[in-house]
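If you're wondering where the values come from, they're calculated on a predicted model, not measured in any experiment.
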Amino acid sequence: MTLDLLLPGLAWPADNVGDVTRDLDLPALGWLLSRATLSPRATTAFEEVAAGLFGLEQAPVARIGGLADGLDTRQGHWLRADPVFLRPERDALVLADSGIMHIEQREADALVAALNRFFVGDGLVFHAPAPDRWYVERPSPFGASFTRLESVIGDNIDRHLPRGDEAMQWHRWLNEVQMLLFAEPVNAERESAGEPVINSVWFWGEGDWPSVTPASRYRQVLADAPLLRGLASLSGAESGSAPFAFAGLPAGAMDGDTLVLIDRLEGAAQYRDAWGWREALQALERDWFAPLAAALRAGRPGHLRILVPGPRGFSATLTPAARWQCWKRPRTLARLL
């Protein structure tokens with residue numbers, strides 16, 4: 001039995017990892033890393049790592065995630081069109097995603113309805129199955145390529161605008177989206193309440209259905225991310241919500257191959273929020289790493305893999321023999337990264 005933990009954000013993405021991790025007391029994580037076989041990841045993006053776990057080179061995020069969100073994405077062409085806040089900074093527009101916003105479903109529905117009224121003649125149809133996850137479908141191919149949302153967070157959007165034969169059309173549509181959303185009553189209400197306005201969307205996640213059916217050795221996939229839930233469904237694996245702590249793993253999770261997504265570090269890492277990242281990491285030490293180390297000392301699970309996407313990503317594999325390697329000294333994240 002193998003327990004795979006997918007941990008986006010565990011690898012702090014900046015060069016100051018030594019300062020950020022200074023004085024962090026993480027004995028259980030240090031024990032796990034010291035007894036693991038470590039290797040860098042050939043792919044760094046979360047979406048690529050997720051696809052690889054199901055035997056795919058890449059996964060069409062909008063199609064597979066949209067399917068998990070209840071949309072019929074097998075026809076037409078699909079993109080994510082996620083709500084974002086663009087903050088003016090000198091000569092740049094810097095993007096922040098929904099991680100810094102609280103969006104109600106009624107707000108999403110009102111803004112998507114306005115977008116659909118405006119773009120009805122362009123063949124674009126927007127959907128908001130969740131407040132912070134929007135999609136757009138089009139009957140014809142997009143004629144452009146797009147940058148994944150995570151790569152744009154905190155950066156000037158000009159470096160990441162659509163590219164390709166129809167790029168200028170998509171640039172115009174983005175400008176029209178921004179002008180439309182600026183004037184919507186929902187945003188006036190949000191501004192009055194001190195909330196960041198939803199003043200644009202970010203198009204990304206294109207791709208056709210994979211030529212092969214996703215395959216999985218997992219019996220269970222425990223994740224809230226729609227991409228993983230969609231991949232689990234297509235591969236025939238059971239799926240459910242990720243537990244908050246190791247103690248919340250469902251009965252039987254330790255008796256078969258299981259994948260768990262733990263994303264509590266991801267937002268703080270994306271925004272370089274060192275304080276928030278440290279607090280979340282200490283919580284994971286208590287909720288996950290300490291009970292995992294105790295379980296491994298007791299002989300369960302049989303194998304453990306910690307999979308970390310990102311530019312400094314890595315995988316750490318522990319076998320049943322790990323508990324006997326008492327001569328190994330704990331390994332810190334700063335030394336590893």
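- Considering only residues two or more places apart in sequence or on other chains, D224 meets the side-chain hydrogen bond (donor to acceptor under 3.5 Å, both in side chains) condition with S241.
- Residues that satisfy the ring-ring contact (aromatic ring centres under 6.0 Å, His included) test with H160, not counting sequence neighbours, are absent from this structure.
- Remark: E189 engages R106 in a salt bridge (Lys or Arg N to Asp or Glu O under 4.0 Å) (not counting sequence neighbours).
- Remark: D91 pairs with no residue by the salt bridge (Lys or Arg N to Asp or Glu O under 4.0 Å) rule, at least two apart or across chains.
- With sequence neighbours excluded, the residues forming a side chain to side chain contact (heavy atoms under 4.5 Å, CB included) with F126 are A81, V112, L115, N116, F119, L124, V136, F203, listed by chain and number.
- E89 pairs by the side-chain hydrogen bond (donor to acceptor under 3.5 Å, both in side chains) definition with R87, not counting sequence neighbours.
- Applying the side chain to side chain contact (heavy atoms under 4.5 Å, CB included) criterion to S315, with sequence neighbours excluded, gives S39, R41, L307.
- The local environment of CD in E176 is crowded, with over 12 non-hydrogen atoms from other residues, nucleotides or ligands closer than 6.0 Å.
- Counting heavy atoms from C-beta outward, L234 and L67 have side chains that approach closer than 4.5 Å.
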*Let me see the working for R163 and T147 under side-chain hydrogen bond (donor to acceptor under 3.5 Å, both in side chains), right down to the final yes or no.*
CA-CA 9 Å; R163 306 164 301 282; T147 302; 3.1 Å; yes
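- Qualifying salt bridge (Lys or Arg N to Asp or Glu O under 4.0 Å) partners for D109, counting only residues two or more places apart in sequence or in other chains: none.
- Every side-chain hydrogen bond (donor to acceptor under 3.5 Å, both in side chains) that D97 has, sequence neighbours left out, goes to Y271.
- Under the side-chain hydrogen bond (donor to acceptor under 3.5 Å, both in side chains) criterion, S151 pairs with R148, sequence neighbours left out.
- Other residues, nucleotides and ligands contribute over 12 non-hydrogen atoms within 6.0 Å of the CD atom of E104.
- Every residue was checked against the salt bridge (Lys or Arg N to Asp or Glu O under 4.0 Å) condition with R74, not counting sequence neighbours, and none meets it.
- Residues passing the side chain to side chain contact (heavy atoms under 4.5 Å, CB included) test with A113 are R117, sequence neighbours excluded.
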